[in-house]
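Convention: sequence-line order gives letters A, B, ...; per-chain numbering from 1.
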2 protein chains.
Amino acid sequence: MAVRRTAGPRPPAEDPGISLGVLLFLPYRHLEQRIIDAVVAAGYPITLSQARVFQRIDPAGSRLTTLADAAQVTKQTAGFLVDQLVAQGYVTRVVDPSDARARLVTIAPRGRAAIEVAGRVQDQIEGEWRRHLGADAADELRSTLLRLREITDPWAGPPADGAPVESD
Amino acid sequence: MAVRRTAGPRPPAEDPGISLGVLLFLPYRHLEQRIIDAVVAAGYPITLSQARVFQRIDPAGSRLTTLADAAQVTKQTAGFLVDQLVAQGYVTRVVDPSDARARLVTIAPRGRAAIEVAGRVQDQIEGEWRRHLGADAADELRSTLLRLREITDPWAGPPADGAPVESD
DNA sequence: CACTTTAGTCAGTCTCTCTGACTAATTTGA
DNA sequence: TCAAATTAGTCAGAGAGACTGACTAAAGTG
């Protein structure tokens, strides 16, 4: 966990002692919370845990185990959350034509509608950030974070699982 | 929640469709997990939830309500976690001399020892990041995140506008 | 001194997450 | 070829953590 070493009341914004961990976490939480709030307000109730799995679903469909790895939860937990997403109509499970043991979690129309709302809010927030930081700094932030991902994210991206077929 | 819009198989590392939210979250989680792992391995067992409250404790002591606000949990949850930190010897509760209703959660010697370990691991990880990104990009990342904090952290900025301060 | 606010606790519930054990399909290799 | 090992996913049970609501006690307010 990120560590704070300065004493006394809240340090000013330019405090060099604030940890990178907290600095990464603050905008993340801000973005996440605003998007969830907007999606829920638009009539698509979803919890943080559900959303953290949902956002990892590849548009072409993802296997449960893949989702579990990406979201860093057990497959049981991922299954529990996907069950809820299915019950709420955001996703469907289809058999994987290439492997009868597996099924692909795919995004349903209602899920796509929720993503639409989330995307608009996300664009708006990123626009606010860009206006605050300036276009150059915003571009640099993204490219630096992409490079940071190379050494902090063991998971390289969703595999292509093949053409989905309806199952339940 | 952050949204991903690109379809198809494994996107390349420079995939422009990966959201800033995820890009912020990945290194954060990496840092947090490695620090926790190291602290636990050093003989200071602590959970993620406990650590998220613990790291918000001001060296001069913090009230439960302040901690709850900072960690964005209810005061009941904060109290539950502080009870555990007390039981494990990381913190103590002392009466607040200025208000008999309140008590200050203060860091005990064992808590300071755990912070010591966390600080060393944090420095090491930030060093790895700096070597990977280069010193210029690493400096720029920190300064950009500090500026981003101005508009994403309700507790950042001038302490004049009612920013919460310990022991008010 | 009543009234309101603030700090914190108690009780109960629900969500999330885990471990362990299991079924079924696929892959491996002797 | 087919038994063994691996992989995808489910079922069952338990624990941690987070919430709401109701409460006590101390402080501030007019």
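Of the candidates dT17(C), dG9(D), dA7(C), the closest approach to any side-chain atom of Leu64(A) belongs to dG9(D).
Expressed to the nearest 0.5 Å, how far CZ of Arg103(B) lies from CG of Leu64(B) amounts to 8.5 Å. Expressed to the nearest 0.5 Å, how far CG of Leu23(A) lies from CG of Leu141(B) amounts to 8.5 Å. Here the CZ atom belonging to Arg52(A) is positioned 11.0 Å from the CG atom belonging to Leu81(A), to the nearest 0.5 angstrom. To the nearest 0.5 angstrom, Thr106(A) atom OG1 is 15.5 Å from Tyr90(A) atom OH.
Axis angle, first five pairs versus last five pairs of the helix from dC1(C)-dG30(D) to dA30(C)-dT1(D): 30°, rounded to 10°.
Taking atom CZ on Phe80(B) and atom P on dA11(C), their separation rounds to 14 Å, with Å as the unit. Note: CZ (Arg63(A)) to C1' (dA25(C)) measures 11 Å, nearest angstrom. Between Leu104(A) atom CG and dA8(D) atom C1' there is a gap of 11 Å when expressed in whole angstrom units. Counting to the nearest Å, the C1' atom of dA25(D) and the CZ atom of Arg103(B) are 12 Å from each other. When the P atom of dA18(D) is taken as reference, atom CG of Asp69(B) falls 15 Å away, rounded to whole Å. Lys75(A) places its NZ atom 7 Å from the C1' atom of dT7(D), with the value rounded to the nearest Å. dT9(C) atom C1' lies 14 Å from atom CZ of Arg101(B), rounded to whole Å. Whole-Å rounding puts the Gln76(A) CD to dT23(C) C1' distance at 14 Å.
Contact annotation: Thr65(A) reaches the phosphate of dG9(D) (side-chain N/O to OP1 or OP2, under 4.0 Å). Contact annotation: Ser49(B) side-chain N/O to dA18(D) OP1/OP2 distance is under 4.0 Å. Phosphate contact (OP1/OP2 of dC18(C), side-chain N/O of Thr77(A), threshold under 4.0 Å): present. The side chain of Thr47(B) contributes an N or O atom lying less than 4.0 Å from OP1 or OP2 of dG17(D). Between dC18(C) and Thr74(A), a contact under 4.0 Å exists linking OP1 or OP2 to a side-chain N or O. Within the structure, a side-chain polar atom (N or O) of Arg93(B) is placed less than 4.0 Å from OP1 or OP2 of dT9(C).
Classification of the Tyr28(A)-Phe25(B) ring pair by plane angle, with boundaries at 30° and 60°, yields parallel.
Taking the nucleotide of DNA chain C with the nearest heavy atom to each of Gln84(A) and Asp99(A), the more 5' of the two is matched to Gln84(A).
The shortest side-chain heavy-atom distance between Ser62(B) and Arg56(B) does not fall under the 4.5 Å cut-off. Side-chain contact between Gln124(B) and Arg120(B): absent, with no pair of heavy atoms (C-beta onward) separated by less than 4.5 Å.
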